[in-house]
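Notes for the one structure printed next.
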Amino acid sequence: MDHGNPAAAAGGVVGKPSEPEFGARENYRVVKNIAVLGFAFMIHFTAFHGTSNLQSSVHSDGSLGAYTLAAIYGSLILSNIFLPVMVIRWLGCKWTIVISFVTYMPYLAAQFFPRFYTLIPAGLAVGFGGGPLWCAKCTYLSVIAEAYSIIKQRKVQADYLIVKFFGLFFVFYQLAQVLGNSISFWVLSYDDEIAPSNGTVHKINISETCGANYVAPVDRQLSIPEDDPLSIHRPDTVKLNILTGIFLACMTVASLSVAIGVDSLKRYNTTRAGSGAGVSGIRMLVITAKQLTNKYQLLLLPITMFIGVEQAFIAVDFTASFVACGLGISSIGFAMISFGSANVFAAAITPYITKTIGRFPMIAVTAVFHLALIVFMLLWKPTDQYWAYSAIVACWGLADGIWLIQINALSGILFPGNEEAAFSNFRLWEATGSVIMYATSPVLSTFTKLVCIMCIMLVGTVGYTCIELMEYRIKKEIAGKRFEMIERTD
């Protein structure tokens, strides 16, 4: 087993006790490790995203799908705080990733027999495996970036390589949304008639019952009568089982790819020093709570929760109240391809646009754009045209990508030396926002949810603006004092 230092993922100090000798082709081996790791995450989350996006529509009886997603993100909150350091210290980074991948598999297997007593425990397992998984991934990429810098005789800084390696990794990861939704659309719509009748017998007025007007049928069972005006008809069980089998195979391939194709970190472990003790779960909880005494952190909480809320809305409510209601469940994958593609595009262009116009104008434009989109969704009368749903979710994906990158970066910029606590708070409150949306999804109408999302975004944007104004005043005061000091010296 490898013994990757978890301190890197928990804020440990990086040292350089010794610089081992590597072979001439070691740089290719490092690139191979990144490529295999990225491929494994892509295949794994192709299955996870493809399954999760269907939950609220396929398992709508008793809101089982929404509660399952709430269980996933609720356990993820606890997992992020208490498990990563302990698990990585025990298993090492490579095998933590492999075992964490395996913890997702019961969630896929439970799709064959979806009940509360199968899906909820399986969802909890996903959340508990998710914390160590992402922490181990971050540690692995950081360690091999340091090793690659040594291979290149320190001609390339490790900090730059970490950013570059993470960028390469996320190119693979972001494609998972596109691939997962493509597979689900292809399988569920196979042999169906031409849209919009894929999987849905429309005996309803779409413009009046779908979209913002949609109310989830909480207490209805899967055997919904054909004349029920709010029915969302479940796809054929055989197709769902075929889709689940494909996704389960994807997760198996992902686990085997890391187990066989990724090198142990003990190969590069000597490039980093640290106590090896890391930060305990209790200590992480303490520093996360202490960070909340910072006024900037408090002002960031609403916009951080907004990110979790808006992502949960797309995964649960948009897929059910807009796409499934208007086009049929088999069309969810097709529409969500646009979301994933737009997310990738936003991640690629946001740094360059921000560099040109600045952070505050970028956030302001995004807030106005997202506000206009929500207002449009509140007023829009749904139709049976594919392109309309794809355009809406693509616009949401653009905004989501920008919010995620900007607020993540701001958490690191505002709290130099306390990034560990800042990012812990980001993960905690983002997941909290998702859990709130998933838990309230069965009891609130889509119109109410959109209004709530809009209000949270406005409050978050005001909080963010306050931070920018305080930063501007501080910089202005510093500049004035420097000017006076120079004047007196003269």
Could you give me the CA-CA distance, side-chain angles and deciding distance for Phe101 and Phe41, then say whether ring-ring contact (aromatic ring centres under 6.0 Å, His included) is met? CA-CA 9 Å; Phe101 277 171; Phe41 269 75; 5.2 Å; yes
Verify, without hydrogens or angle tests, whether [X] (side chain) and [Y] (backbone) share a donor-acceptor contact under 3.5 angstrom.
| X | Y | value |
| --- | --- | --- |
| Ser341 | Ser338 | no |
| Ser434 | Gly308 | yes |
| Asn343 | Gly397 | yes |
| Thr51 | Phe48 | no |
| Lys94 | Ala259 | yes |
| Ser79 | Gly127 | yes |
| Thr118 | Phe113 | yes |
| Gln111 | Tyr107 | yes |

Would you say that [X] contacts [Y] through its side chain, given a criterion of any heavy-atom pair below 4.5 Å between the two side chains?
| X | Y | result |
| --- | --- | --- |
| Phe112 | Leu248 | yes |
| Trp403 | Phe306 | yes |
| Asp400 | Ile314 | no |
| Lys137 | Thr96 | no |
| Ile467 | Lys295 | no |
| His44 | Val253 | no |
| Ile353 | Met362 | yes |
| Thr465 | Thr461 | yes |

Does the plane of the ring in [X] sit parallel, tilted or perpendicular to the ring in [Y]? Use 30° and 60° as the thresholds.
| X | Y | value |
| --- | --- | --- |
| Phe116 | Tyr67 | tilted |
| Trp396 | His370 | perpendicular |
| Trp380 | Tyr389 | perpendicular |

Any luck finding a side-chain donor-acceptor pair between [X] and [Y] under 3.5 Å?
| X | Y | answer |
| --- | --- | --- |
| Tyr296 | Glu471 | yes |
| Glu468 | Tyr472 | no |
| Ser445 | Thr448 | yes |

Q.
Can you confirm whether Tyr73 is buried at OH, in the sense that more than 12 heavy atoms of other residues, nucleotides or ligands lie under 6.0 Å from that atom?
A. no
[X] [atom1] to [Y] [atom2] distance, which is reported to the nearest 0.5 Å:
| X | Y | atom1 | atom2 | value |
| --- | --- | --- | --- | --- |
| Ile97 | Leu91 | CD1 | CG | 11.0 Å |
| Trp134 | Leu76 | CH2 | CG | 10.5 Å |
| His49 | Phe247 | NE2 | CZ | 11.0 Å |
| Cys452 | Phe313 | SG | CZ | 11.0 Å |
| Cys395 | Ile374 | SG | CD1 | 12.0 Å |
| Ile402 | Thr366 | CD1 | OG1 | 4.0 Å |

Please report the closest heavy-atom contact between [X] and [Y], naming both atoms and the distance.
| X | Y | value |
| --- | --- | --- |
| Ser100 | Pro132 | OG-CB, 4.0 Å |
| Val258 | Ala40 | CG2-CB, 3.5 Å |
| Ser75 | Leu124 | OG-O, 3.2 Å |
| Val178 | Gly340 | CG2-C, 3.9 Å |
| Ser321 | Tyr214 | CB-CD2, 3.3 Å |
| Phe39 | Ser257 | CE2-OG, 3.8 Å |

| message | For Phe318 and Thr446: C-alpha separation, side-chain torsions, deciding distance, then whether side chain to side chain contact (heavy atoms under 4.5 Å, CB included) applies. | response | CA-CA 8 Å; Phe318 181 83; Thr446 302; over 6 Å; no
Using the rule given for side chain to side chain contact (heavy atoms under 4.5 Å, CB included), can you reason through Val309 versus Lys449, listing the C-alpha separation, both sets of side-chain angles and the distance that settles it, and then say yes or no? CA-CA 10 Å; Val309 167; Lys449 294 169 194 170; over 6 Å; no
Give the C-alpha distance, both sets of side-chain angles, the deciding distance and a yes or no for side chain to side chain contact (heavy atoms under 4.5 Å, CB included) between Met437 and Asp317. CA-CA 9 Å; Met437 178 55 70; Asp317 295 289; 3.7 Å; yes
Evaluate side chain to side chain contact (heavy atoms under 4.5 Å, CB included) for Val187 paired with Ile183, printing each intermediate quantity in order.
-> CA-CA 6 Å; Val187 173; Ile183 293 172; 4.2 Å; yes
